[in-house]
2 protein chains.
Amino acid sequence: MRSYGQLCSVAKALDVLGDRWTLLILRELLIQGPCRYTDLANGLPGIASNLLSERLRNLETSGLVWREAAPPPVATTLFHLTERGRAAEPVLVALARWGTPLIADAAPDDAIRAHWVPFSASVFLRGRDPGGVPVTVQLHTPLGSSVIEITTDGVTSRAGAADEPDITLEGMPQVILRLLAGELTVAEAEEQGLVLRGDPALLDAFHLAPA
Amino acid sequence: MRSYGQLCSVAKALDVLGDRWTLLILRELLIQGPCRYTDLANGLPGIASNLLSERLRNLETSGLVWREAAPPPVATTLFHLTERGRAAEPVLVALARWGTPLIADAAPDDAIRAHWVPFSASVFLRGRDPGGVPVTVQLHTPLGSSVIEITTDGVTSRAGAADEPDITLEGMPQVILRLLAGELTVAEAEEQGLVLRGDPALLDAFHLAPA
DNA sequence: CGGCATCCTCTTTGATACTG
DNA sequence: CAGTATCAAAGAGGATGCCG
């Protein structure tokens, strides 16, 4: 990207992060952890191969990503975030929070990946203490199941199922996200097909907790 | 901007905010408040006039900006942020925090504007309670003077001088920013020409306060 | 002067095909 | 698997002109 040439921290950040696809590549590495090239391509439907390759090179030069090259005969490269790359997480969290209302009017043919859901959902739980941590939130969508775990150390999300979730949400990603974002009440979400098990009061605790 | 076509809140946010210049236009409106076209052009050195005009139109259709048209003979248009536009502030703050280390290796011919300084500086004081609020920080740079005020309501910045600042920092923007970011100690900043008046312990209070 | 619209050139992106 | 190569289309940058 061409530099804005402005002595301003926002402009300097955008000089590095502002290229098309760049922040979405960071999203993938933050959610999925170390990725192969094809894992990235798969998590970024629509990206052209030459762009992915070029962006990864730029991110490497900027010090956000490093590549671990396994020697032949394994011959697979793993792309990792550096500390500096992980430091961009608050940018993605802020974008995800701001972007959630836009989920409501998504195009019907939008691409979707199972691992996006727990991340988008978890951004509303970050920095909020609902009281009785640790809390485990189990999500079930037609795409698969995932778990969000809130501990004193922070919020993590992963695919799979938890042993004893405090609350379980089953439904379409759009509905779950808008519920967690506080855009829908539990009643409204249930009208849209959400099935909730566990203590609904826990959701209120999230929204009332200091951000 | 062409949509990413992904059902993910980050991608949806970038569909609206990801165009070149768009976030910097929001920066200007957040810092300066309602602006005329030429105020914006002035705060965005390097932007082409047709791009500014097009971006403003897009921001208007996306509901982030509205224009107040003063009727002739005044005949000046004021561009305002909507509530939704102001809601993007956390994105700018996250970018500014991440971008501050990049200020250190700025090009010598980078453009600079006086009103960028207190905003970039204030992002490190947001969400932190140094204890004895309200706190007033006075900045003096070769470009002009500005004030950052931290109250229980939040953090604001403005041009000008305060009556009784708790702390005064005088020096180059780069040095002030890196000091507030915690990248420089007071001693290191003073080596680089910073003059500090008031209680230096206040700075430690900022950095030790919970984020 | 303020707020653009037009025209032109150059760069970036996108889609697809191909390779070690 | 992890990319290059190629080429068409879209977008950005810069200059200038226009109109109240």
Side-chain angles (χ1 to χ4, degrees), chain A residues 1-6 11 14-25 28-29 32 34-62 65-80 109-111, chain B residues 1-6 11 14-25 28-29 32 34-62 65-80 109-111:
Chain A
M1 155 167 288
R2 196 191 156 113
S3 169
Y4 286 106
Q6 299 185 356
L14 289 173
D15 282 348
V16 176
L17 303 175
D19 263 330
R20 193 160 161 77
W21 294 106
T22 297
L23 281 163
L24 295 185
I25 293 175
E28 288 304 306
L29 290 168
Q32 302 203 47
C35 282
R36 292 173 302 173
Y37 187 90
T38 33
D39 299 330
L40 288 170
N42 218 282
L44 296 162
I47 197 173
S49 182
N50 57 347
L51 283 189
L52 176 54
S53 150
E54 194 206 303
R55 293 295 184 267
L56 285 170
R57 236 182 298 122
N58 292 348
L59 285 169
E60 209 180 345
T61 353
S62 308
V65 161
W66 64 277
R67 69 181 73 200
E68 175 192 4
V74 187
T76 194
T77 315
L78 274 184
F79 295 89
H80 298 252
D109 61 340
D110 273 353
Chain B
M1 154 168 287
R2 198 193 151 118
S3 167
Y4 286 106
Q6 300 184 356
L14 290 172
D15 281 348
V16 177
L17 304 175
D19 262 331
R20 194 160 160 79
W21 292 109
T22 297
L23 282 163
L24 295 184
I25 293 174
E28 288 305 306
L29 289 168
Q32 302 204 48
C35 283
R36 290 174 304 172
Y37 188 89
T38 33
D39 299 331
L40 287 170
N42 219 282
L44 295 162
I47 198 173
S49 184
N50 56 350
L51 283 188
L52 176 54
S53 146
E54 194 204 302
R55 294 292 184 268
L56 284 170
R57 239 181 299 121
N58 292 347
L59 284 168
E60 209 180 346
T61 12
S62 309
V65 161
W66 64 277
R67 69 183 71 203
E68 175 192 3
V74 187
T76 193
T77 315
L78 274 184
F79 295 89
H80 298 253
D109 60 340
D110 273 353

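Order of the sequence lines fixes the chain letters, A, B, ..., with proteins taken first and strands second; residue numbering starts at 1 for each chain.
Looking at the side chain of B/L51, the nearest of the listed nucleotides D/dA2, C/dT13, D/dA12 is D/dA12. Comparing C/dG14, C/dG3, D/dC1 by their closest approach to the side chain of B/Y37 singles out C/dG3.
A sub-4.0 Å separation between OP1 or OP2 of C/dC4 and a side-chain N or O of B/S49 is absent. When the side-chain nitrogen and oxygen atoms of B/T77 are compared with OP1 and OP2 of C/dG2, none of them lie within a distance under 4.0 Å. At D/dG11, none of the side-chain N or O atoms of B/W21 fall inside 4.0 Å of OP1 or OP2 (strictly under the cut-off). Between A/R2 and D/dG14, a side-chain N or O to OP1/OP2 separation shorter than 4.0 Å is present. Residue B/R20 places none of its side-chain N or O atoms closer than 4.0 Å to OP1 or OP2 of C/dT11. At D/dA12, one or more side-chain N or O atoms of B/R55 fall inside 4.0 Å of OP1 or OP2 (strictly under the cut-off). Contact between the side-chain N/O atoms of B/R57 and the OP1/OP2 oxygens of C/dA5 is found at a separation under 4.0 Å. Residue A/S53 places no side-chain N or O under 4.0 Å from the OP1 or OP2 atom of D/dA2.
In terms of modelled atom types and a separation under 3.5 Å, the side chain of B/T22 and the main chain of B/G18 share no donor-acceptor contact. Between the side chain of A/D39 and the backbone N or O of A/R36, at least one donor-acceptor pair lies under 3.5 Å. Side-chain atoms of A/D15 come within 3.5 Å of backbone N or O of A/Y4 as a donor-acceptor pair.
Aromatic ring centres of A/W66 and A/F79 lie farther apart than the 6.0 Å criterion allows.
Side chain A/N50 to base D/dG3: no donor-acceptor pair is found below 3.5 Å.
Counting to the nearest Å, the P atom of D/dA12 and the CG atom of A/D15 are 15 Å from each other. A/F79 has its CZ atom 7 Å from the C1' atom of D/dA2, to the nearest Å.
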Result block: side-chain N/O donor-acceptor pairs under 3.5 angstrom for residues 43-53 of chain A, not counting sequence neighbours:
from  : atom 1 : to    : atom 2 : distance (Å)
A/S49 : OG     : A/Y37 : OH     : 3.0
A/S53 : OG     : A/R57 : NH2    : 3.3

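Toward the 5' end of DNA chain C, the nearer of the two residues B/Y4 and B/R67, judged by each one's closest nucleotide, is B/R67.
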